[in-house]
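The shown structure was predicted, so the numbers you read here are calculated from the model rather than taken from an experiment.
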Amino acid sequence: MATARPACGPISTFSRVQILHLVQSRSRRTIGELCEATGLHQNTVREHLQRLIDGGYVLAETEHRTTRGRPRTLYSAATGAPEASSPIARDKVSAAARRGDLMRRALPSTASDLGREATYQLDALVEHLEESGFEPVIDDGRLTIDLTPCPHAAARPEDRPVLCRVHLSLMQSVLTEAGGPLSADFVRDPALPEDCVVQLRDTAA
């Protein structure tokens with residue numbers, strides 16, 4: 001998959017999704033490239049990028065130049081891999097695991113049979129999804145996450161594929177950052193616009 005649901009409205013939200021989609025599809029993007037691709041003003045793109053960096057979803061690096069000129073800032077998606085890991089995302093994963101452990105000690109019936117690493121992955125994923133405006137329901141046996149009703153059900157039909165791809169990629173980045181056997185496989189074809197079920201996969205099985 002995004003940051004906590006902003007109060008600036010659906011147009012601004014989708015602009016942020018567009019930027020995420022661009023940096024997920026190719027790393028080390030410049031402000032100029034993002035402005036050209038989205039049609040947004042530089043200041044608007046910078047504001048969206050800063051919010052995404054603050055949320056742990058985008059990384060910024062300074063370009064290494066061998067010629068004269070001011071180095072540019074390059075933006076990439078935080079994927080959770082060692083070379084693309086956000087310290088903010090790492091802190092979120094650790095905090096989610098601590099809160100999950102507290103809940104399981106208080107309510108042992110909530111413990112999962114998936115194992116320690118997979119359980120911590122789900123802790124981080126559930127908190128990410130709740131922060132993003134979803135109400136996830138996890139089925140440990142089927143390895144599914146039901147996000148119905150999808151908060152983006154009212155989006156334009158032509159925008160839905162990008163929204164789904166971006167959020168699936170964000171979910172995978174959270175799972176990768178947490179470390180463990182689970183991966184976000186695909187979003188099931190919905191029967192209704194508000195339906196959203198994500199299929200996970202246990203790569204160790």
Side-chain angles (χ1 to χ4, degrees), residues 1-27 29 33-41 44-59 75-81 84 86 89 92 121-122 124-139 142-178 182-201 203:
M1 131 172 150
T3 52
R5 297 176 74 182
C8 43
I11 295 176
S12 179
T13 300
F14 188 67
S15 297
R16 199 165 302 163
V17 170
Q18 285 181 298
I19 292 170
L20 262 174
H21 178 58
L22 289 166
V23 297
Q24 286 172 350
S25 60
R26 182 169 64 79
S27 60
R29 296 272 193 175
E33 289 173 334
L34 296 172
C35 290
E36 183 177 357
T38 60
L40 298 172
H41 190 274
T44 304
V45 170
R46 289 183 194 278
E47 180 183 348
H48 284 313
L49 284 169
Q50 190 56 56
R51 292 197 180 201
L52 291 168
I53 291 168
D54 292 344
Y57 307 120
V58 167
L59 300 169
Y75 299 91
S76 304
T79 65
S86 161
K92 284 184 175 183
Q121 284 183 293
L122 292 179
L125 187 55
V126 166
E127 290 205 4
H128 159 73
L129 290 168
E130 289 176 343
E131 183 183 89
S132 301
F134 295 95
E135 298 177 3
V137 176
I138 306 254
D139 186 322
R142 294 187 176 91
L143 287 182
T144 59
I145 302 181
D146 192 339
L147 302 175
T148 305
C150 174
H152 302 296
R156 296 185 305 173
E158 59 268 32
D159 293 339
R160 287 293 295 274
V162 171
L163 286 163
C164 288
R165 282 197 297 272
V166 166
H167 283 292
L168 188 65
S169 294
L170 287 173
M171 291 173 68
Q172 182 56 50
S173 70
V174 171
L175 293 171
T176 301
E177 188 66 68
L182 300 182
S183 66
D185 216 10
F186 60 90
V187 179
R188 292 183 175 181
D189 290 334
L192 298 170
E194 62 269 22
D195 291 347
C196 182
V197 177
V198 177
Q199 183 67 54
L200 302 179
R201 181 164 56 94
T203 59

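Residues Asp54 and Arg51 fail the side-chain proximity criterion, which asks for heavy atoms closer than 4.5 Å. For the pair His21 and Phe14, the minimum side-chain heavy-atom distance is 4.5 Å or more. With a 4.5 Å cut-off on side-chain heavy atoms, Thr176 and Thr79 do not count as touching.
Side-chain N or O atoms of Gln199 include one that pairs as donor or acceptor with a backbone N or O of Leu143 at under 3.5 Å. The backbone N or O of Asp195 sits nowhere less than 3.5 Å from a side-chain atom of Arg188 that would complete a donor-acceptor pair.
Within a 6.0 Å radius of CD in Glu130, more than 12 heavy atoms belonging to other residues, nucleotides or ligands are found.
Contact between Gly133 and Pro151 at its shortest, heavy atoms only, is O-CG, 3.8 Å. For the pair Glu177 and Gly80, the tightest heavy-atom approach, listed with the atom from each and the gap, is OE1-CA, 3.4 Å. What you find for Ala84 and Ala77 is that their closest heavy atoms are CB-O, 4.0 Å. Cys196 and Thr148 make their closest contact through N-OG1, 3.0 Å (heavy atoms, listed as atom of the first residue, atom of the second, distance). Of all heavy-atom pairs spanning Arg160 and Ala155, the tightest one is CD-CB, 4.0 Å.
Atom-to-atom distance recorded for Gln121:CD and Leu182:CG is 4.5 Å, nearest 0.5 angstrom. Between Tyr75 atom OH and Arg46 atom CZ the span is 6.0 Å, to the nearest 0.5 Å. Note that the CD1 atom of Ile138 and the CG atom of Leu125 stand 6.0 Å from one another [nearest 0.5 Å]. With rounding to the nearest 0.5 angstrom, the NE2 atom of His152 is 7.5 Å from the OG atom of Ser132. Note that the NZ atom of Lys92 and the NE2 atom of His128 stand 8.0 Å from one another [nearest 0.5 Å]. The distance from the CG atom of Leu22 to the OG atom of Ser76 is 12.0 Å, given to the nearest 0.5 Å.
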- Residue pair Glu33, Arg26: steps toward the salt bridge (charged side-chain N to carboxylate O under 4.0 Å, His left out) verdict: CA-CA 11 Å; Glu33 289 173 334; Arg26 182 169 64 79; 3.3 Å; yes
For Leu49 and Ile19, what are the C-alpha separation, side-chain angles and deciding distance, and is it a side-chain contact (heavy atoms from CB on, under 4.5 Å)?
CA-CA 8 Å; Leu49 284 169; Ile19 292 170; 3.7 Å; yes
* To do: With side-chain contact (heavy atoms from CB on, under 4.5 Å) as the test, would you mind laying out the steps for Tyr57 and Gln24 before giving the verdict?
  => CA-CA 10 Å; Tyr57 307 120; Gln24 286 172 350; over 6 Å; no
Item to complete: Kindly determine whether Leu40 and His48 satisfy side-chain contact (heavy atoms from CB on, under 4.5 Å), including the steps that lead there.
Response: CA-CA 10 Å; Leu40 298 172; His48 284 313; 4.3 Å; yes
Report the C-alpha distance between Met171 and Leu129 in whole Å, list the side-chain angles of each, state the deciding distance to 0.1 Å, and finish with yes or no for side-chain contact (heavy atoms from CB on, under 4.5 Å).
CA-CA 8 Å; Met171 291 173 68; Leu129 290 168; 4.1 Å; yes
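Among pairs with a residue in residues 146-159, those fulfilling salt bridge (charged side-chain N to carboxylate O under 4.0 Å, His left out) read Arg156-Glu158, Arg156-Asp159, at least two apart in sequence or across chains.
In summary, of the residues considered (Asp139, Leu175, Asp185), a side-chain contact (heavy atoms from CB on, under 4.5 Å) with Leu200 occurs for Leu175 alone.
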